[in-house]
Student: 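Below are the structure tokens for one structure; questions will follow.
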Amino acid sequence: MTFKFTVVITREGKFFVSECPELGITSQGLSLDEAIDNLKEAIHLYLKDEDLSELNIPNTNPLITTIEVTA
């Protein structure tokens, strides 16, 4: 079974932190590719141990954007 998940990547010091908001899983790497690969592996391991019929995985892609706020 194949799933499509959202990935949000931020930079924290020398690491790229990758997060899957749908599952609440986070990983990291020293490069973008490494951060994404590590997140894929973490998601795979998570799904391997879960009953997929009980997961509430959305079938639509979320809208992710940025906004500017002046303080």
Side-chain angles (χ1 to χ4, degrees):
M1 195 170 220
T2 301
F3 298 97
K4 184 185 274 190
F5 295 107
T6 305
V7 177
V8 178
I9 300 175
T10 55
R11 186 78 187 247
E12 293 186 18
K14 65 180 182 176
F15 292 100
F16 290 92
V17 177
S18 53
E19 177 187 1
C20 172
E22 290 94 343
L23 300 176
I25 297 173
T26 303
S27 192
Q28 67 182 17
L30 291 172
S31 68
L32 285 170
D33 288 338
E34 184 179 33
I36 291 169
D37 288 343
N38 290 344
L39 183 62
K40 284 181 183 180
E41 181 179 358
I43 291 171
H44 174 77
L45 292 171
Y46 174 79
L47 293 177
K48 185 172 120 175
D49 293 335
E50 292 295 316
D51 181 354
L52 298 180
S53 66
E54 292 184 11
L55 289 178
N56 186 18
I57 299 173
N59 61 0
T60 59
N61 293 330
L63 172 63
I64 297 177
T65 189
T66 59
I67 61 171
E68 274 187 44
V69 177
T70 304

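Just so it is clear, the model here is predicted, and its values are computed rather than measured.
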Student: Please say yes or no: joined through hydrophobic side-chain contacts below 4.5 Å, possibly via intermediate residues, are Val17 and Ile25 part of one cluster?
Tutor: no

Student: Drop me the distance from Ile9's CD1 to Glu19's CD, to the nearest 0.5 angstrom.
Tutor: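 Answer for the CD1-CD pair, Ile9 versus Glu19, is 11.0 Å.
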
Student: Quick one: ring pair (Phe, Tyr, Trp, His ring centres under 6.0 Å) partners of Phe3, sequence neighbours excluded?
Tutor: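 Testing Phe3 for ring pair (Phe, Tyr, Trp, His ring centres under 6.0 Å), a comparison that skips the adjacent residues, returns Phe5.
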
Student: Run the side-chain donor-acceptor check on residues 27-37: report pairs under 3.5 Å with partners two or more places apart or on a different chain.
Tutor:
unit_1	atom_1	unit_2	atom_2	d
Ser31	OG	Glu34	N	3.1
Glu34	OE1	Leu30	N	2.5

Student: Between Leu39 and Leu47, is there a shared hydrophobic cluster once you connect ILVMFWY residues whose side-chain heavy atoms come closer than 4.5 Å?
Tutor: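 Yes, Leu39 connects to Leu47 through the hydrophobic network.
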
Student: As an exercise, state the distance from NZ of Lys40 to CG of Asn38, rounded to the nearest 0.5 Å.
Tutor: 11.0 Å

Student: Counting distance only, does the side-chain N/O of Glu22 pair as donor-acceptor with the main-chain N or O of Thr6 below 3.5 Å?
Tutor: yes

Student: Give the other cluster members for Ile64, using side-chain heavy-atom distances under 4.5 Å between Ile, Leu, Val, Met, Phe, Trp and Tyr residues; answer none if it is isolated.
Tutor: Val8

Student: Quick one: pull up CG in Leu23 and OH in Tyr46 and give me the separation to the nearest 0.5 Å.
Tutor: 5.5 Å

Student: If you group Ile, Leu, Val, Met, Phe, Trp and Tyr whenever their side-chain heavy atoms sit less than 4.5 Å apart, what else falls in with Ile67?
Tutor: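 Members other than Ile67 - counting any ILVMFWY side chain reachable under 4.5 Å - are Val69.
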
